[in-house]
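Below is one structure; the comments refer to it alone.
Ligands are counted one by one from 1 in listed order, and the atoms in each one are counted from 1 as well. We count residues from 1, following the sequence as given.
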Amino acid sequence: ADQAREHGQLWENHSAEMAGSRDWRFSLSGELDAAMAAEHIWVAFQPKLDIAAGRITAAEALVRWTHPERGDIFPDSFIPHLEKNGRMLDLTLYVLDRVMEQARRWSLAGNPINVAVNVSAPLLVMDAFVGAMRERLDGGTLLPSLLTLEITESASMEDPERALAGMRLFAEMGIRLSIDDYGTGQSTLSYLKHFPASEIKIDKSFVLAIRDNRNDQAMVRSTIDLAHELGFAVVAEGVEDAAVLEYLRALGCDYAQGWHIGRPIPAKDFAKLAGIGIVS
Ligand code: C2E
Ligand code: CA
Ligand code: CA
Ligand code: CA
């Protein structure tokens, strides 16, 4: 109950902040370097449950900005401004480096956790990003077996040929690729099959109301079946209660992510949660 209250609180703040005055946010990209240096920008880890194993084996990295005056700012508020100002390369590498450092530590402690980092589509084909990734791979600070890159379905569909070319480069580096927010774009899985991705993530909009919505049920069921036939693992996001988890288990969904499994939390809290291992 305490946790549920905390969720509520967090999301109330989130909406209050979203509804608030827009002006101050325009200056955020100018504060990025100082905020990164001061570690006001940090990475939250949200657990992904391996449904069949009943164990947390992976996580998604979600960036947070704890602003000294504004409090916690969520990515939907600042990422659009960083995109507009060409700052996503720096932010993404900052997130990636912290994620790899953390994943390496967990792995050395006997808990190999694969962590997914969100990458916006323009970065995927940017020479500076590809070069920075290759440099880290060669230098041994990027551990491909512990990393997944998430690319949204809609963004990769804006220019599928370019997205495919970018994805190939990372797949060749041995990095897993995931198609995020699946179902919100206009593409079909049989088309996306040409992408060298390992996983698709069914968007939370289809999962949240699955109990009452037959269309969502049909969408999720058929996506899981076709995805498996095409060789993708399937993650469902937005799993907020036990009944939805059971429903997904019955459909053969591979991974679940959402408040029922765990919120996005600081690394040290994640380690405790994943150490316990079993979620029922
Ligand atoms: P996303 O990649 O689709 O991430 C999932 C979002 O759903 C996260 O919001 C997460 O906190 C939220 N969520 C998780 N479980 C539940 C649940 O059970 N119910 C509900 N209603 N929501 C849930 P968040 O952290 O605010 O991130 C929003 C978006 O910002 C992300 O959407 C992603 O597109 C973007 N983002 C976050 N971190 C990064 C980053 O480091 N780089 C880039 N390029 N984008 C990021
Ligand atoms: Ca994502
Ligand atoms: Ca998503
Ligand atoms: Ca999303």
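The shortest separation from a heavy atom of R64 to ligand 1 is under 4.0 Å, placing the residue in contact. In this structure, R263 does not count as a contact residue of ligand 1, since none of its heavy atoms falls inside 4.0 Å of the ligand. For the pair E60 and ligand 1, a heavy-atom separation below 4.0 Å is found.
Ligand 1 places these atoms under 4.0 Å from at least one heavy atom of G238: 17 (C), 18 (O). Numbered from 1 in the order shown, with element, the atoms of ligand 1 that lie under 4.0 Å from a heavy atom of D181 read 3 (O). Using a 4.0 Å cut-off to heavy atoms of G258, the atoms of ligand 1 that qualify are 15 (N), 18 (O). Near I79, the atoms of ligand 1 lying under 4.0 angstrom from a non-hydrogen atom of the residue are 36 (N), 39 (C), 43 (C), 45 (N), 46 (C).
Nearest N/O/S atom of E60 with respect to the Ca ion (ligand 2) is recorded as OE2. Counting just the N/O/S atoms of D181, the one with the shortest distance to the Ca ion (ligand 3) is named OD1.
Judged by distance alone, with hydrogens and angles left aside, the side-chain atoms of E199 form no donor-acceptor pair with the main-chain N or O of A233 at under 3.5 Å. Here the side chain of T92 pairs no donor or acceptor atom with the backbone of L89 at under 3.5 angstrom. Within the 3.5 Å criterion, the main-chain N or O of D72 finds no donor-acceptor partner in the side chain of R64. Without hydrogens or angle criteria, Q257 side chain to E237 main chain gives no donor-acceptor distance under 3.5 Å. Within the 3.5 Å criterion, the main-chain N or O of V234 finds a donor-acceptor partner in the side chain of D254.
With a heavy-atom cut-off of 4.0 Å, E237 touches ligand 1 through its side chain alone. Residue contacts with ligand 1 for V43 are absent, since no atom lies close enough (heavy atoms, distance under 4.0 Å). At a heavy-atom distance under 4.0 Å, only side-chain atoms of M88, from C-beta outward, approach ligand 1.
One option in K204, R98, Q46 has a heavy atom closer to atom 15 (N) of ligand 1 than any other, and that option is Q46. Nearest-residue assignment for atom 27 (O) of ligand 1 (options A44, P75, A61; heavy-atom criterion): P75. Comparing A256, S120, P264, S77 by heavy-atom distance to atom 11 (O) of ligand 1, the nearest is P264. Between L91, L62, D180, L96, it is L62 that holds the heavy atom closest to atom 8 (C) of ligand 1.
Because the distance cut-off is set at 3.0 Å, D203 fails to qualify as a neighbour of the Ca ion (ligand 3), as none of its N, O or S atoms comes that close. Inclusion of E150 in the first shell of the Ca ion (ligand 2) is supported: an N, O or S atom falls under 3.0 Å. The nearest N, O or S atom of S178 is not closer to the Ca ion (ligand 2) than 3.0 Å.
In this structure, K193 is positioned above the aromatic face of F232, its NZ or CZ under 6.0 Å from the six-membered ring centre and within 45° of the axis.
In this structure, OE2 of E237 and OD1 of D180 enclose an angle of 100° at the Ca ion (ligand 3), rounded to 10°.
Interatomic distance, H260 NE2 to L49 CG, rounded to the nearest 0.5 Å: 8.0 Å.
Using bins of under 30°, 30° to 60° and over 60° for the plane-to-plane angle, the ring pair W106/F45 lands in the perpendicular bin.
Taking a cutoff of 4.0 Å between a charged side-chain nitrogen and a carboxylate oxygen, E172 and R168 do not qualify as a salt bridge. With respect to R249 and E246, a salt bridge is recorded, a charged nitrogen being found less than 4.0 Å from a carboxylate O. Checked for salt-bridge contact, R70 and E31 miss the test: no charged N lies under 4.0 Å from a carboxylate O.
No more than 12 heavy atoms of other residues, nucleotides or ligands sit less than 6.0 Å from atom CG of D127.
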